[in-house]
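As structure tokens, the structure follows; a few thoughts come after it.
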Amino acid sequence: MKRLTVLLLVVFVCSMFAGIVDALEAAKNSSPAYLKLTLDREQAEDDYQKALLEARNKRQELSAQLSKMRADNTYRESLKNFVSDFLDTYFGVLDSQLALEIAQLNLQIAQIDYKEKKDLYDRGVGTLQDLKNANATLIEAEKDVDAAKLSVEQAKRDFQALVGEKFEVKEPAKLNLNFSLPTVDELMDRSLTLAMARLNVQIAQMDLEGLVNPSQYTKNQYERNLKKAQADVQAYLLSLRKSYENQLQTVRNAIKSIQAQMEKIEVAKLQLDTVQKNFSAGVASERDVLNAKLSYTNARRTFLSQLKSLLKNVCDVYIDAELDFSKVLSTILGE
């Protein structure tokens, strides 16, 4: 296992993080999708055991193994989809809350702008066009706040429906990126696609060797089948290695993006603190403070989007490697 020796401490306005792993476990217990994939896996295991008992020769045993591998591969993909949907729903709550904050800040800015334009117009130094434009912007901002409020309600409702319990969703208080990733070789060893391709070679070889007084046409056909199966293995050896290398590089790139975004958050926070101090001293306007808050909130929103992407990619890698993805989530999120 390769170690990623990166440690990040992320501090936000929110001080606690409602355990995402606990929420994930709750979702497993209440989600029809997760129940279905586990039931399908149990059925596949029963079918495999039944097929082994009924197998009359090695060829039928290999066919049973191939069917089981296909089912296992389907389970992996279904599990990835479940985790991805869970993370979308979980982070959807956080994103909608930040979107509401942004909409409310924009509304306050629009209110200030309208008031300024109206004062100018009332004093005869502003145009009616400027006033109407400011009013239109204000109406749009009010509409955006209403839409954002509805999105928050819907996101929370979707999340509660998924987990079946009440969980308080908050931004993470810290991140710990000192976690292990499987190597490319480990992923290759656990690749079901490659395992199925190799099993197809065994089956094709057995089919060829099992021919009894075949015609030349039939023998040629089975020889081609074997060569095609062998070619598939070689092709998968190349394509899968490249795919896994790209997967792992995506994770490393996501970490770098998070590091860069954390710097941007820190800069935005420092700028906000400076503007607030200047506002208290009378050398900055309320609009300046609101714009600084907007920058800070947008930076946090971007970070959460990057974090969700990282968690999805890490979980995919862990599932492919048959490792405990819940454990790595706990490590990353400091739970």
Side-chain angles (χ1 to χ4, degrees), residues 1 21 23-89 161-164 181-208 210 225-226 228-237 239-241 243-244 247 311-330:
M1 302 287 283
V21 176
L24 177 59
E25 291 303 313
K28 288 180 181 179
N29 293 329
S30 64
S31 169
Y34 188 79
L35 175 62
K36 182 178 182 301
L37 70 90
T38 54
L39 291 175
D40 286 345
R41 191 182 199 189
E42 290 174 4
Q43 184 62 53
E45 180 62 31
D46 287 347
D47 291 342
Y48 174 59
Q49 295 301 328
K50 180 174 180 292
L52 286 181
L53 290 174
E54 295 175 349
R56 298 179 180 178
N57 52 49
K58 182 65 176 178
R59 172 66 167 75
Q60 292 179 350
E61 290 180 4
L62 294 178
S63 294
Q65 291 178 28
L66 187 60
S67 295
K68 177 63 164 54
M69 286 182 184
R70 290 196 186 103
D72 287 343
N73 197 49
T74 298
Y75 170 79
R76 279 189 187 179
E77 295 306 312
S78 297
L79 184 58
K80 289 179 187 178
N81 290 335
F82 168 77
V83 174
S84 177
D85 290 344
F86 168 80
L87 292 172
D88 282 337
T89 305
L162 178 62
V163 300
L181 278 177
T183 65
V184 172
D185 287 339
E186 287 172 326
L187 287 165
M188 294 288 286
D189 288 343
R190 291 168 176 78
S191 169
L192 290 173
T193 299
L194 185 57
M196 287 187 288
R198 285 171 169 160
L199 193 56
N200 278 325
V201 171
Q202 294 183 53
I203 292 173
Q205 182 71 51
M206 188 169 292
D207 288 343
L208 176 61
N225 289 340
L226 175 58
K228 286 192 290 186
Q230 291 170 335
D232 283 342
V233 171
Q234 294 305 311
Y236 283 132
L237 283 171
S239 64
L240 286 171
R241 178 169 291 276
S243 176
Y244 289 138
Q247 270 188 291
L311 296 181
K312 282 187 176 186
N313 286 314
V314 170
C315 286
D316 283 353
V317 169
Y318 264 58
I319 290 171
D320 282 337
E322 298 179 349
L323 298 173
D324 187 352
F325 63 90
S326 294
K327 185 175 180 180
V328 75
L329 286 177
S330 295

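Annotation: the span from Y75 atom OH to K80 atom NZ amounts to 12.5 Å, rounded to 0.5 Å. Rounding to the nearest 0.5 Å places CG of L199 at 5.5 Å from CD of Q202. Here CD of E186 is found 10.0 Å from CG of L181. Values are rounded to the nearest 0.5 Å. Taking OG of S84 as the start and CG of L79 as the end, the distance is 11.0 Å to the nearest 0.5 Å. Interatomic distance, D320 CG to L240 CG, rounded to the nearest 0.5 Å: 9.5 Å. R241 CZ to L187 CG: the interatomic distance, rounded to the nearest 0.5 Å, is 10.0 Å.
Partners of D40 by side chain to side chain contact (heavy atoms under 4.5 Å, CB included), not counting sequence neighbours, listed by chain and number: K36. Every residue meeting the side chain to side chain contact (heavy atoms under 4.5 Å, CB included) condition with S326, not counting sequence neighbours, appears here in chain and number order: V21, L24, E25, K28, D324. Residues forming a side chain to side chain donor-acceptor pair (under 3.5 Å) with E54 (at least two apart in sequence, or on another chain): K50. Residues satisfying the side chain to side chain contact (heavy atoms under 4.5 Å, CB included) test with R198, not counting sequence neighbours, are L194, V233, L237. D232 is linked by a side chain to side chain contact (heavy atoms under 4.5 Å, CB included) to Y236, counting only residues two or more places apart in sequence or in another chain.
A distance-only check finds a donor-acceptor pair linking the side chain of N200 to the backbone of M196 [under 3.5 Å]. Looking only at distances, no side-chain donor or acceptor of S243 sits under 3.5 Å from a matching main-chain atom of S239. No donor-acceptor pair under 3.5 Å is formed between the side chain of S31 and the backbone N or O of L162.
The two residues S30 and G164 have their closest heavy-atom pair at OG-N, 3.6 Å. Nearest heavy-atom pair, L226 versus L208, reported as atom, atom and distance to 0.1 Å: CD2-CD2, 4.0 Å. Between S191 and Y244 the shortest heavy-atom distance is CB-OH, 3.4 Å. The two residues R59 and S63 have their closest heavy-atom pair at NH1-OG, 2.5 Å. Listed here is the closest heavy atom pair of A321 and R190: O-CD, 2.7 Å.
Sorted by first then second residue, the ring pair (Phe, Tyr, Trp, His ring centres under 6.0 Å) pairs that include residues 23-42, not counting sequence neighbours, are Y34-F82.
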One pair to check against side-chain contact (heavy atoms from CB on, under 4.5 Å): V184 and Q247. What are the steps and the verdict? CA-CA 9 Å; V184 172; Q247 270 188 291; over 6 Å; no
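Donor-acceptor pairing under 3.5 Å is recorded for the side chains of D47 and Q43. Judged by distance alone, the side chains of Q49 and E45 do bring a donor and an acceptor atom under 3.5 Å apart.
Annotation: side chain of L66 is in contact with side chain of I203 (closest heavy-atom distance under 4.5 Å).
Here the options are R76, K68, R70, the test is salt bridge (Lys or Arg N to Asp or Glu O under 4.0 Å), and the partner is D72; only K68 passes.
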